[in-house]
Structures are given as structure tokens and as C-alpha cells.
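All chains are named by letter (A, B, ...) in the order of the sequence lines, taking the proteins before the strands, and each is independently numbered beginning at 1. This is a predicted model, so every value here is computed, not measured.
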2 protein chains.
Amino acid sequence: MKPRKRKRLEAAGWRVGDAAEFLGLSGEERALLELRLALADEVRHTRTSQGTTQAQLAERLGSSQSRVAKLEAGDPSVSADLLLRALFALGVSMRDLAEVVASLKGVGGRGGARGRSRRRPDPRR
Amino acid sequence: MKPRKRKRLEAAGWRVGDAAEFLGLSGEERALLELRLALADEVRHTRTSQGTTQAQLAERLGSSQSRVAKLEAGDPSVSADLLLRALFALGVSMRDLAEVVASLKGVGGRGGARGRSRRRPDPRR
DNA sequence: ACGCGGCATGTCCGATGTGACATAGGCACC
DNA sequence: GGTGCCTATGTCACATCGGACATGCCGCGT
């Protein structure tokens, strides 16, 4: 897909939480994007709070500093796999991970404990 | 890296829950593997409970039936990205996803999950 | 038995992620 | 100013992933 480049651009001036709305992203793409950003954010957060450098993390991952930088920047060229590996390499537990995911539940406004949007995808066929 | 090949082999004769222990998998690789399997499981589960076929899901994803099959089989050739896209395409919410992740929190060595019995109630409310 | 729909497995080849490297900006400290 | 450390960005060769296609297996209804 080509829109990858676009994502890059967006990634530039971005704000977790309300960005994707502008774009013509389908629900699933949107959710995935959001999740990725949240994970990227979590990586940086955890890393810095541990006093670890990008280079050190890279080494643990068998990767390179530049990739870690891109990773944390939410660059589309990094896969979810790498994001997850990074998190685990930092010692993030499943529980922590679950919390991060859970914090995105309502997409729209953060903190949205409100919407109990529990509905089926879409019955059309 | 090379250990990818290994994963393939392992994937052949596999058993959810107690497999990774034998292999020389580092904690992070192990966690990732486990997460992937749980997600794959969740895909199949959600899909079947909706009465959707692999082919239909594949179409929604812009993919093919064979890939979905591999996906659900936990084949290493499918990325976490695809796994997540599949879940979202099935209408799984962040909340549901978080629950799946949370259900793995303790899987460490012992304890839980021996073999196949470890089936969580049923994610759907 | 036959056909059929759903799933699994294997193999291509084009698309994309990955590590390594180079390079630059920002800071702190001497 | 100069040095060292951390991070950001770009590029590239190579490995892996991804969709498509082919094929086989299995259960089921006719």
C-alpha cells in the first residue's frame, strides 16, 4: 500500500488520540494505527523511566539505534512485532500491556470510560 | 536473524502452553510467541462464533484464505500486524483485546495451563 | 459415490520490514 | 571551541512477509 508515506507525514504533526479522524481510514486500520502509537509511546516511556538508552535497547533486541528511534517515533516502517519485542525486552509484563491496550478502548476521547460500544461489526454482506 | 527458521520447526510439533519451555527462547521471545498464539486463537474463536468463514475474513482483510488459515494456525510467517488487523476486522474491541492479553499475565512456567485445558470462559460478553 | 464448501499446506514472486551505516542536531561538561 | 553522549533521519542490500494460486483432506448433504 502506498498510504504508508502519508502516515509518515501525519506522524510528524501528531497527537495521540485525535489524529486519525481526519484521514479516510477504515475502522480497522484506524484501530491498528492507534494501537501502534500507544505501544510506541509505551516503549519510550518505559525505556526512559528505566534510564535505558535507545542504543542499549537496540542491542538487547539485536537491532540498531536508528530502528529504535523510528520505532518510538511511530514510523510505519516498524512492525507491530518489533514493537512488542521491544516492550518485552524492556520487561513490560502482559498485565502492563493489557492496561495499555485497555486505555484505548474508547478511542475518541481519551479517558473515555463512557462509551460501551459493544456492537457487532456490521451485518451487511 | 536466524532463529526464525527454528520457530518454523517448532511450530510443526507444537503444543500451546508448554512448548516454549524446551526451546532456548529468551523471555521476550517466549512472551511474544505466546501472545501471538493467544491472538491467533482469539481470531479463530471470534470468527467461528460469528459464523464467518476464513474466506470471508480474508476478503475483508484484502487477503486470501490460505493466509488466514496460516494465521489461525500460528504460523510464524504471519506477522503480529496481520493478526491484529484480523482481529479488528472481526470487530474485536480494544477492551476485548485487552482481556485476551490480560489472560496471559501469568503464564510463566508453571502453573497454569497445562496443556489444552486452559480455555478462558469466553471473551464475549 | 459424487460433488461441495470449509480448512490446511506448499510454493511462487512481488511488497515491505530490518539491520547497518552515515550523518546531523541537541545538550552537557570541561 | 571541542568532545562525548543521546537521539533523529535518510539510504541501501537483504531477509522476511504477503497475496495468489494449486492441491489435498475432511465432513456433509443429495
Side-chain angles (χ1 to χ4, degrees), chain A residues 1-14 28-29 32-33 36-37 39-41 43-86 89-90 125, chain B residues 1-14 28-29 32-33 36-37 39-41 43-87 89-90:
Chain A
M1 295 94 168
K2 20 322 209 21
R4 314 234 95 163
K5 288 295 178 186
R6 315 206 53 180
K7 291 186 183 174
R8 279 218 107 194
L9 298 181
E10 312 148 21
W14 236 93
E28 73 196 68
E29 287 175 348
L32 181 53
L33 182 48
R36 286 178 137 209
L37 289 168
L39 294 181
D41 227 48
V43 167
R44 177 175 316 238
H45 212 217
T46 306
R47 180 181 64 77
T48 55
S49 81
Q50 288 181 0
T52 317
T53 73
Q54 291 184 341
Q56 291 172 327
L57 174 53
E59 189 176 355
R60 282 196 225 167
L61 285 172
S63 183
S64 54
Q65 180 266 323
S66 60
R67 197 135 288 277
V68 174
K70 294 176 211 282
L71 192 163
E72 291 180 354
D75 190 298
S77 88
V78 326
S79 68
D81 295 78
L82 194 55
L83 275 172
L84 293 171
R85 289 209 352 249
L90 285 170
R125 268 174 52 66
Chain B
M1 312 306 253
K2 358 2 183 6
R4 314 231 95 164
K5 289 293 178 185
R6 314 206 53 179
K7 290 186 183 175
R8 274 218 113 194
L9 298 181
E10 310 149 22
W14 233 94
E28 74 197 68
E29 288 175 345
L32 180 53
L33 183 48
R36 284 173 86 143
L37 289 169
L39 294 180
D41 226 49
V43 167
R44 171 168 320 218
H45 216 205
T46 306
R47 180 181 63 77
T48 56
S49 81
Q50 288 182 1
T52 317
T53 72
Q54 292 184 342
Q56 290 172 328
L57 173 54
E59 189 176 356
R60 283 195 223 168
L61 285 172
S63 182
S64 54
Q65 180 267 322
S66 61
R67 202 130 281 282
V68 173
K70 293 176 210 280
L71 191 161
E72 291 180 356
D75 190 297
S77 87
V78 327
S79 67
D81 295 77
L82 193 55
L83 236 8
L84 292 171
R85 289 214 344 253
L87 284 171
L90 284 170

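- Residues A/Leu82 and A/Arg67 approach most closely at CD2-CG, 3.7 Å, considering heavy atoms.
- For C/dT16, neither phosphate oxygen OP1 nor OP2 lies less than 4.0 angstrom from any side-chain nitrogen or oxygen of A/Ser79.
- Atom-to-atom, CD of A/Gln65 to P of C/dC21 comes out at 13 Å; the value is rounded to the nearest Å.
- Between B/Asp81 atom CG and C/dT18 atom P there is a gap of 8 Å when expressed in whole angstrom units.
- In this model, a side-chain donor or acceptor of B/Ser66 finds a partner on the base of D/dC21 within 3.5 Å.
- Comparing A/Ala80 and B/Arg44 against DNA chain C, the residue whose closest nucleotide sits nearer the 5' end is B/Arg44.
- Under 4.0 angstrom from either OP1 or OP2 of C/dT18 there lies no side-chain N or O belonging to A/Arg85.
- When rounded to the nearest whole Å, the span between NE2 of A/His45 and P of D/dT7 equals 14 Å.
- In this structure, A/Asp75 atom CG and D/dT11 atom P are separated by 12 Å, rounded to whole Å.
- A/Arg47 places no side-chain N or O within donor-acceptor distance of the main-chain N or O of A/Ala86, the cut-off being under 3.5 Å.
- OP1 or OP2 of D/dT7 sits under 4.0 Å from a side-chain N or O of A/Arg47.
- The phosphate of C/dG19 has OP1 or OP2 within less than 4.0 Å of a side-chain N or O from A/Ser63.
- Atom-to-atom, NZ of B/Lys70 to P of D/dA20 comes out at 14 Å; the value is rounded to the nearest Å.
- Of the candidates B/Leu57, B/Leu39, B/Leu83, B/Leu83 is the only one forming a side chain to side chain contact (heavy atoms under 4.5 Å, CB included) with B/Leu71.
- Side-chain atoms of A/Thr53 lie closest to D/dT7 of the nucleotides C/dA20, D/dT7, C/dT18.
- Looking at A/Leu33 and A/Leu37, their side chains come closer than 4.5 Å, going by heavy atoms from C-beta outward.
- Within 6.0 Å of CD in B/Glu59 there are 12 or fewer heavy atoms belonging to other residues, nucleotides or ligands.
- Between the side chain of B/Arg85 and the main chain of A/Leu32, no donor-acceptor pair closer than 3.5 Å is present.
- In the helix from C/dA1-D/dT30 to C/dC30-D/dG1, the terminal helix axes, each the rotation mapping four pairs' C1' atoms onto the next four within five end pairs, subtend 30°, rounded to 10°.
- The nearest whole Å value for the distance from the CG atom in A/Leu84 to the P atom in C/dT18 is 11 Å.
- Counting to the nearest Å, the P atom of D/dT16 and the CZ atom of B/Arg36 are 13 Å from each other.
- Across the protein-nucleic acid pair, A/Glu59 atom CD and C/dA20 atom P stand 10 Å apart, rounded to whole Å.
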